[in-house]
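Chain identifiers are assigned alphabetically (A, B, ...) following the order of the sequence lines, protein sequences preceding nucleic acid strands; residue numbering begins at 1 within each chain.
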Number of protein chains: 2
Amino acid sequence: MKIAVDAMGGDNAPKAIVEGVVLAANEFKDMEFILYGKEEAIKPYLSNETNIRIVHTDEKIESEDDPIRSIRRKKNASMVLAAQAVKNKEADALFSAGNTGALLTAGLLIIGRIKGIDRPGLLVTLPVITDSEKGFNLMDVGANADSKPENIHQYAVLGSEYAKLVQGIKKPTVGLLNNGTEENKGNDLTKRAYQLLKNEPMIHFIGNVEARDILSGVADVVVTDGFTGNAVLKTIEGTAMSMMKLLKSAVYDNGTKAKLGGLLLKDSLSEMKDVLDYSKHGGSVLFGIKAPVVKTHGSTGKEAVYFTIKQIHEMLASKVIDDLVTHFEAKQDEGI
Amino acid sequence: MKIAVDAMGGDNAPKAIVEGVVLAANEFKDMEFILYGKEEAIKPYLSNETNIRIVHTDEKIESEDDPIRSIRRKKNASMVLAAQAVKNKEADALFSAGNTGALLTAGLLIIGRIKGIDRPGLLVTLPVITDSEKGFNLMDVGANADSKPENIHQYAVLGSEYAKLVQGIKKPTVGLLNNGTEENKGNDLTKRAYQLLKNEPMIHFIGNVEARDILSGVADVVVTDGFTGNAVLKTIEGTAMSMMKLLKSAVYDNGTKAKLGGLLLKDSLSEMKDVLDYSKHGGSVLFGIKAPVVKTHGSTGKEAVYFTIKQIHEMLASKVIDDLVTHFEAKQDEGI
């Protein structure tokens, strides 16, 4: 397995990226890494790993760059070269912590969609709060702000195969995010998507699910349009962050007694933080592209990079993309 | 001020409703209450309040009733009679903890919209987590699953006037919930709504806001379509609930040391719970109707009923609805 790594993307690049790659390279001896970026900035973080090499380039895409324009014009940017390598089959997957819009564009325009997929979507695995070992998949969290019922239908098939092949869930449940659980609930989009999902034999559709219940693991895969998915993901992050702040102030701004209580609770509160940290499930997959294209947060540390590469390893080992290519090509042929 | 109360709506009716009304009736001597419902079930919770009277009816709308059909057919349901009283000017406002869909329908079909408002929306005031005294208004949280840019534009004017007149915020900031803060971000709906908001002189529009930041009070009024607003509200509830569960298990499932820590933190953790409880800001206002129509959670207790009636008191005292009637009528006249 060869992974093309945009070593210059994200706030902590190249340090966190390269350190994370080194962690993964030492564990996964069946993986090779090509790091695209400034050689002199990358080298200090490498020892003599035999499965990592550098392809030098000075150019990179900045976080504030316009996605489409930068992908088209910055021909030698680390992200563009890494995507080209995947396109040319010199690498099997693309990893970046850089500009999300640019990565979506690079995946779409350079590597290309699986035949039969209209719009790739972003899939993230979030923690099931009541069961620290479990996660659920939310898709699309923001690749397409305007989605059609057919897109949501495809997300359901993609997400379900991901849960099955990559996460090893035998019969993953798929729920449609909606404003009520009854079949007749929803807006025009979800009402039409419901009918498509209900009639899809490839998935185990359990009907509508509400945002209130997704963190309790009501479904293994929750599908929604990219606008709502983005809002839900950011609401989870914002609420969790605000509550941790509130908890901190409950401990530190309430006198000695509370501080002592916090001290006694330190270990269990740090475990609580661990449950909420979903980077151990990997990054966001731009799913529907011909190869794994995976992104971590720009502010990511080396552990998150390591977990995301582990996720790519599992995606490649499971051959989930090959499976999807076969499925959607067969569907297209039926259509003719 | 006369309030028509659906005494039979909600899981804890009539007990919680009547007890909450009694609390309010004792404080607000300028209010009169007409309780619609089963006389023999209501009476036990009353003393000899002179500003509360009962209008007996045996019929009521159940939580699982179809909204439109039940409003049309159950002519003597407590909620329908209460709405009729407002329509006939025997009461100035409608309060219920019953079936939300039915209440929306009763507001819309029986009391009617403000002239010039296409679609009333649901407004809730949520806590700003970092400042326990402050709240922000989110609208629409679910009255209309499919919204147009013009609806969001009207929510902005409604929400802003609410913040100004009812909450006393001099120059309330209005933000459009979106998937990024830049002007060009969004789906088709938010891009078009942005242009309308930007050109509305009646509001102080601060641009796009992200779901991640709304609980920190980034804007006094956050407007969005009813589908997204509903998802965001339920995500906040679900995340907060899951985290409280996580916190509880951190305290109770981690041995004696953690339990002792929890004991020392008890007071500050209960303060934390208070911050999250947004019922002190009142219920959800079906805003855009000719009179205040306000709903609390079905599982509500007497305190939430009390706070919602306080909110109705403030709405009536501020004459916010009269103000909006004048504004939208004038706008309609301009349109001619």
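Neither the backbone nor the side chain of B:D253 comes within contact range of chain A; no heavy atoms are under 4.5 Å apart. For B:N230, the part lying near chain A is the side chain, with the backbone staying farther off; criterion is any non-hydrogen pair under 4.5 Å. Interface residue B:L247: backbone and side-chain heavy atoms are both found under 4.5 Å from chain A. With a threshold of 4.5 angstrom between heavy atoms, B:K257 approaches chain A through its backbone and through its side chain. Using a 4.5 Å cut-off between heavy atoms, B:S147 does not touch chain A at all.
Atom-to-atom distance recorded for A:E237:CD and B:T239:OG1 is 10.5 Å, nearest 0.5 angstrom. Note that OG1 of A:T235 is 10.0 Å distant from CG of B:L233, once rounded to the nearest 0.5 Å.
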(request) Could you check B:F227 against A:T190 for side-chain contact (heavy atoms from CB on, under 4.5 Å), going step by step and ending with a plain yes or no? (result) CA-CA 10 Å; B:F227 189 84; A:T190 55; 3.6 Å; yes
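Side-chain contact check for A:N187 versus B:N144: every heavy-atom pair is 4.5 Å or farther apart.
Heavy atoms of other residues, nucleotides or ligands lying less than 6.0 angstrom from NZ of B:K191 number more than 12. By the 6.0 Å contact criterion, NZ on B:K280 is enclosed, its count of non-hydrogen atoms from other residues, nucleotides or ligands being greater than 12.
What you find for A:K234 and B:G180 is that their closest heavy atoms are NZ-N, 4.4 Å. The two residues B:M243 and A:A240 have their closest heavy-atom pair at SD-CA, 3.3 Å. Taking each heavy atom of B:L215 and A:S242 in turn, the nearest pair found is CB-OG, 3.9 Å. When all heavy atoms of A:A231 and B:V232 are compared, the closest pair comes out as CB-CG2, 4.0 Å. The shortest non-hydrogen separation linking A:L265 to B:G262 is CD1-N, 3.9 Å.
Of all the listed residues (A:G238, A:G186, A:G142, A:A211), the one sharing the greatest number of non-hydrogen pairs under 4.5 Å with chain B is A:A211. Ranked by heavy-atom pairs under 4.5 Å with chain A, the list B:N178, B:D267, B:D225 is led by B:N178. Put simply, of A:L177, A:I214, A:N179, the one with the most heavy-atom pairs under 4.5 Å next to chain B is A:N179. The most heavy-atom pairs under 4.5 Å with chain B, out of A:L263, A:T228, A:I129, A:L246, come from A:L246. Among A:R212, A:M244, A:K266, the residue with the largest count of heavy-atom pairs under 4.5 Å with chain B is A:R212.
Checked by atom type and distance alone, the side chain of A:D146 pairs as donor or acceptor with a backbone atom of B:D188 at under 3.5 Å.
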